[in-house]
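Accompanying notes for the structure given below.
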Amino acid sequence: MNILYLLIPLSLILLGLAVWAFFWAVKHDQFEDLEGPAYRILFDEDDNDRPKDDRRPPERDAPCDDEEGRD
């Protein structure tokens, strides 16, 4: 019977923490998109499959020295 004096306040504290965590998650939009992560795992997005912008050849702003002197 004496253990109830410990377990009842402990359970109320844990219940309060659970309610606080739920409202924190709702406030910070943790439940906004429930289906997105489930579908995102199905798509394969490797780094090798995506085109990279740094693979483009450098653009030439000015002509080379060889082309300037020709007439």
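All figures in this text were calculated on a predicted structure; none of them were measured in a lab.
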> Quick one: hydrophobic cluster around Tyr5, which other residues, with the 4.5 Å side-chain cut-off, linked directly or via members?
Replying inline: none
Can you give the donor-acceptor pairs under 3.5 Å from side chains of residues 7-18 to other protein atoms, not counting sequence neighbours?
unit_1 : atom_1 : unit_2 : atom_2 : d
Ser11  : OG     : Leu7   : O      : 3.2
Ser11  : OG     : Ile8   : O      : 2.8

> Which residues pass the side chain to side chain contact (heavy atoms under 4.5 Å, CB included) test with Phe31, sequence neighbours left out?
Replying inline: Phe22, Ala25, Val26, Leu34
>> Suppose the criterion is side-chain hydrogen bond (donor to acceptor under 3.5 Å, both in side chains): which pairs have a residue in residues 20-34, not counting sequence neighbours?
In response: Trp24-His28
